[in-house]
Participant: 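The structure is given below, and queries will be raised subsequently.
Numbered from 1 within each chain, the chains take letters A, B, ... in sequence-line order. Scope of the values below: all heavy atoms of this structure, side chains included, with no hydrogens, waters or symmetry mates.
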Amino acid sequence: MARPQNPSVFQRVEAMPIITVFVLLLVLFMYLSPEVFLRPYQYTTFLSMLPPIVLIAVGLTFIIGAGEIDLCFPAIIGFSGFVFAFIFQAGPQALVAELGLSAESWWASPGAAELIRWTALPAALLAGIVIGFINGVLVAKIGIPSFIATLGTQFFWYGMATVLSGGRSYALRGAEESSVWAVLVGRPFASSSIDWVTQIPIQAFWTLIIVVVMWFILNRHRFGEHALFIGDSNAVARVVGIDVDREKIKLFTLMGFLAAIAAVFLTLENKNYFGNQGQGYLLICIASVLIGGTSIFGGRATIIGTVFGAFIIAMVEPGLVAAGLTGAWVNTARGLIFLIAIVFYLYVDEPQRRSAFFTRLVGNRAFGR
Amino acid sequence: MPESALKPAAGRAEFESIVRLENVQKYFGAVQALRDVNLRIGRNEIVGLIGDNGAGKSTLIKVMTGVMPPSSGRIFVRDREIDLSDYSVRMAHDLSIETVYQDRSLADKQPLWRNFFVGRQITNRFGFINIKEEKRIADQILKGAIGFRSSGITVDSTVANLSGGERQGIAIGRAMHYDADLIILDEPTVALAVAEVRKVLDFVRRIKESGRACIYIEHNLAHVHEVADRLVILDRGHVVSEIKPKDMSVIELTEYLISIQHKT
Ligand SMILES: Nc1ncnc2c1ncn2[C@@H]1O[C@H](COP(=O)(O)OP(=O)(O)OP(=O)(O)O)[C@@H](O)[C@H]1O
Ligand SMILES: [Mg+2]
């Protein structure tokens, strides 16, 4: 049996094909529109815009690597975003009014208001965790295919957010005066003398830390290994002693948690909550994961690929617009990149699938596995 | 039960049978896959499990190894009753019971070293895997127990690139490494060439020589007849008879099995 003795660079370095594509695209855009891509402002914009997308895509990398899908995360951006915005904006006054406290009580002081604003963070995260946990139970214990289960919960939680918010949006006016804003989405180098440095957003650092931790969990932790074995084959995973149901519940819970962090970053960065926030993220996030090289059949997943996938998806818009095309072309281009990537991975990385495909094409059903 | 001189006795408590099933039933909805199964596996015997497709052989060993619980009945391991509410594959592993399935033992897209250790990884107390150590031991198993010295297979090879015989070798080597007292083989020779089948049969004999027990599921009667001490025949979920290979030739056995299937 012939097998390659020395794996090429493409196989040895994680996500090498997509990193190459990223560099080529970047060089192309730099050549076509140097006034945008050779100046730092486009990149600081990426750093404030990408964290929610990257966080969700990283969670999806685990889910898709485990052979499942989650369509509920846009609704977590909606619902957790609502929970956060409501407590952050209305919480301080509501508490004082609700309990009938006097204006002199400590609870009416600015310090107490700040404390209440901070509780918005754990509340929003808890909401995401609970939603994710419920998704996991529906998939693992009740046995609903994840595509259907999470489609249903997406409807439900968007509906819930609309009911509870009464369809209102919340503008978080004056949010940047709160320490919550400074810590989560502030500009830590605002006092720098270099203009673009002042614009570096702190959520980019938080996101980087989370991504690194998630990389270690996927590649070095028992949990990540279990996710990939489950994605490879549920039957094998059971036989080697993995508690498949429990790990799936954990996977969806993790997804809910990461989507909730994304919701907080997005809501605070925009200083606004609106009813259908997150809806534009569904395709972008799934595309980031699959362009990055995580297998649509499960069993193989790459966090680094996902991050570069997200960058490529994000780069398309300023790239095309700066090159003189209208914004209408953006999604067409994204769709094209997405499809090319899927076909590429199918043919390069999955030789068994490839031969199965040709077998089907030829119509010889007895051959192939 | 003859005493085995080869048994590495140190640290192993005395017991009469490694596994015993009492009145085990298994339903899949309305389908009854196992009916009133009573079965005893001694500590150093090779038991051949034979029967038609769908007779319930695979189901029987899944129930025995904690993959799925029986609908009712009792399971004893080393003469001690198992609490079925928390019996699991992991617990079966802890009780030194290992299974090699024809096609479900290895994950295709994962490297060999992960396949060796998944389910019982070497980790620190936070659950992070000691990759170096796992690869080192996997390499030893590969070169030692399995003998893949020169074939270009390394611990980083993915399973998808291996031949059927190589896969069985890996799965069997893994079972040996974990020093099982009972090794269960579910049709390990399916789709293997003659030379590879020989290797598997030699391995089955080695299980016996090292003082362990083995349950060997096989459709090829000549193969089981050759190595088994006792043959258990399963028909539509029922244990219909037990036969000593020395009392019946392969041809008589074949005719006997056909006669069972024609009964209703
Ligand atoms: N997970 C399951 N769900 C429903 N029915 C099942 C399941 N597993 C097995 N069965 C049924 O139980 C019966 C016994 O199946 P089993 O796989 O144990 O047979 P077997 O003796 O191993 O057959 P083979 O020789 O073909 O491997 C069959 O009727 C099968 O359809
Ligand atoms: Mg079977």
Participant: When you measure from the centre of the six-membered ring of B:F76, is the NZ or CZ of B:R20 closer than 6.0 Å and no more than 45° off the axis?
Facilitator: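 Yes, a cation-pi geometry.
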Participant: Looking at A:F229, I'd like to know if the NZ or CZ of B:R114 sits under 6.0 Å from its six-membered ring centre while staying within 45 degrees of the ring's axis.
Facilitator: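 So B:R114 doesn't make the cation-pi contact.
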Participant: I'd like to check B:K62 versus B:Y101 (side-chain heavy atoms, cut-off strictly below 4.5 Å). Are they in contact?
Facilitator: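 B:K62 reaches B:Y101 side chain to side chain.
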Participant: Would you say the side chain of A:L60 lies within less than 4.5 Å of the side chain of A:T306, judging by non-hydrogen atoms?
Facilitator: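 No, their side chains stay 4.5 Å or more apart.
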Participant: Could you tell me whether A:K250 and A:D243 make a salt bridge, using a distance below 4.0 angstrom between a side-chain N and a carboxylate O?
Facilitator: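 Not counted as a salt bridge, because no side-chain N and carboxylate O are separated by less than 4.0 Å.
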Participant: Could you please state which residues from residues 82-90 of chain B sit under 4.5 angstrom from chain A, measuring non-hydrogen atom to non-hydrogen atom, sorted by number, or 'none'?
Facilitator: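 Residues of residues 82-90 of chain B touching chain A at under 4.5 Å: B:V89, B:R90.
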Participant: Is it the side chain or the backbone of B:Q110 that comes within 4.5 Å of chain A heavy atoms, both, or neither?
Facilitator: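 Contact with chain A is through both the backbone and side chain of B:Q110.
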Participant: Could you tell me which portion of B:N115 (side chain, backbone, both or neither) has an atom closer than 4.5 angstrom to a non-hydrogen atom of chain A?
Facilitator: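 For B:N115, backbone and side chain are both near chain A.
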Participant: Relative to chain B, which segment of A:F223 carries a heavy atom at a distance below 4.5 Å: side chain, backbone, both, or neither?
Facilitator: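 When you check distances to chain B, no heavy atom of A:F223 falls under 4.5 Å.
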Participant: Within 45° of the ring axis of B:F128 and under 6.0 Å from its six-membered ring centre, is that where the NZ or CZ of A:R222 lies?
Facilitator: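 No, a cation-pi geometry is absent between A:R222 and B:F128.
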Participant: Is any side-chain heavy atom of A:T150 closer than 4.5 Å to a side-chain heavy atom of A:E68?
Facilitator: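 Side-chain contact under 4.5 Å: no.
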